Asker: 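Right, I'll just put the structure down here and ask away after.
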Amino acid sequence: MITRKEFIESRDKAAQMIRQAGIIINGHEIEEMDVADFGLNNLAVEGGQMLTFFNTSRVSAKVIALFPGQTLPEHWHTALGEDPGKEETIRMVWGKLYFCQEGPDTLKMAKIPKGKDKYYTVRHERTILPGNQLTIKPGIKHWFQAGQEGAVLFSFSSSARDALDPFTDDTIVRVTEIIDE
Ligand code: ZN
């Protein structure tokens, strides 16, 4: 959970990063931004700020802002009925991203959050810079971490049902609880 104050501060900071990256976003989109702490109560370390442009039954587009060193925990996009699972292309706009997925261990730059080794099992790392993009196939485990200045990236995908995606850390709760003090 995060507090209302933490939610608003993080949301506004993320909006500022997105705008500084040159992406035009609207007030109502900022209002609806998802500030996710994944139920881990440590937003600065494991979390993410996701602003959705649209998410229809077929396609989805978002912009993700990550604070310096912030990590989006390991997960994969699972199949549902006829749908083999979300296929997603991320494209870097600003900053630096350390992206890990299944493959030979090349982990070098990203730092696995303290005490969380068992929840970060895929360690084939690539550094993604502005203008770089990569496609994540359905079912492939992945996680990523912003570099020391943070990161702003687009996410283009088939329909997103993020609330259903499994995480390696089974203590994760995808829907953020915001508490009013
Ligand atoms: Zn993903």
Side-chain angles (χ1 to χ4, degrees), residues 10 14 17-18 21 23 32-40 42-43 45-67 69-81 83-103 105-107 109-113 116-130 132-147 150-176:
S10 303
M17 286 173 67
I18 294 166
I23 300 166
E32 288 157 23
M33 193 189 300
D34 183 15
V35 175
D37 80 335
F38 302 100
L40 301 172
N42 200 5
L43 183 70
V45 175
E46 290 177 290
Q49 293 65 232
M50 277 70 71
L51 181 149
T52 299
F53 294 127
F54 58 87
N55 183 25
T56 72
S57 60
R58 300 186 69 194
V59 287
S60 173
K62 300 177 187 198
V63 57
I64 301 172
L66 295 178
F67 301 140
Q70 196 180 29
T71 306
L72 203 124
E74 183 176 293
H75 65 282
W76 61 100
H77 305 142
T78 192
L80 181 73
D83 184 346
K86 184 171 87 169
E87 179 183 302
E88 178 178 26
T89 295
I90 57 168
R91 183 180 173 95
M92 278 300 284
V93 182
W94 182 87
K96 201 180 267 185
L97 192 76
Y98 306 125
F99 180 92
C100 288
Q101 64 178 349
E102 295 176 25
D105 187 341
T106 54
L107 185 70
M109 300 304 292
K111 291 181 182 51
I112 292 171
K116 296 290 182 89
D117 286 80
K118 66 176 174 180
Y119 299 133
Y120 290 84
T121 65
V122 299
R123 301 185 180 183
H124 186 61
E125 184 188 82
R126 266 189 286 178
T127 298
I128 316 288
L129 298 170
N132 293 163
Q133 62 184 32
L134 65 82
T135 299
I136 307 154
K137 293 287 180 196
I140 300 295
K141 285 184 184 168
H142 57 282
W143 59 277
F144 45 89
Q145 184 174 82
V152 175
L153 53 140
F154 285 123
S155 160
F156 306 108
S157 74
S158 54
S159 188
R161 293 178 306 266
D162 295 356
L164 299 176
D165 286 338
F167 284 78
T168 305
D169 181 348
D170 57 11
T171 65
I172 280 178
V173 180
R174 181 59 189 85
V175 179
T176 307

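The basis for the numbers below is simple: all heavy atoms, side chains too, and nothing from hydrogens, waters or symmetry mates. Given the structure is predicted, the values throughout are model-derived calculations rather than measurements. Along the sequence shown, residues carry numbers from 1. First listed ligand is number 1; within each ligand, the first listed atom is number 1.
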Asker: Surrounding NZ of Lys116 (heavy atoms of other residues, nucleotides or ligands, distance under 6.0 Å), is the total greater than 12?
Answerer: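 Counting neighbours around NZ of Lys116, more than 12 heavy atoms of other residues, nucleotides or ligands fall under 6.0 Å, so yes.
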Asker: I'd like to check Asp165 versus Arg174 (side-chain heavy atoms, cut-off strictly below 4.5 Å). Are they in contact?
Answerer: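 Not in contact.
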Asker: Indicate whether the side chain of Glu32 and that of Thr52 have a donor and an acceptor atom separated by less than 3.5 Å.
Answerer: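 No - no donor-acceptor pair under 3.5 Å links their side chains.
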Asker: Would you please classify the geometry between the His75 ring and the Phe167 ring as parallel, tilted or perpendicular, with 30° and 60° separating the classes?
Answerer: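 If you compare the ring of Phe167 with that of His75, the planes turn out tilted.
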Asker: With 2.8 Å as the threshold, which protein atoms of type N, O or S lie near the Zn ion (ligand 1)? Leave waters out.
Answerer: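 Counting only protein N, O or S atoms under 2.8 Å from the Zn ion (ligand 1), the list reads His75 NE2, His77 NE2, His142 NE2.
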Asker: Below 3.5 Å, can you tabulate the donor-acceptor pairs from side chains in residues 86-97 to any protein atom, sequence neighbours excluded?
Answerer:
unit_1 : atom_1 : unit_2 : atom_2 : d
Lys86  : NZ     : Asp162 : OD1    : 3.2
Glu88  : OE2    : Ser155 : OG     : 2.6
Thr89  : OG1    : Thr135 : OG1    : 2.8
Arg91  : NH1    : Gln133 : OE1    : 2.9

Asker: So do Gln49 and Phe67 actually touch side chain to side chain, heavy atoms under 4.5 Å?
Answerer: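 Result yes, sub-4.5 Å side-chain heavy-atom pair found.
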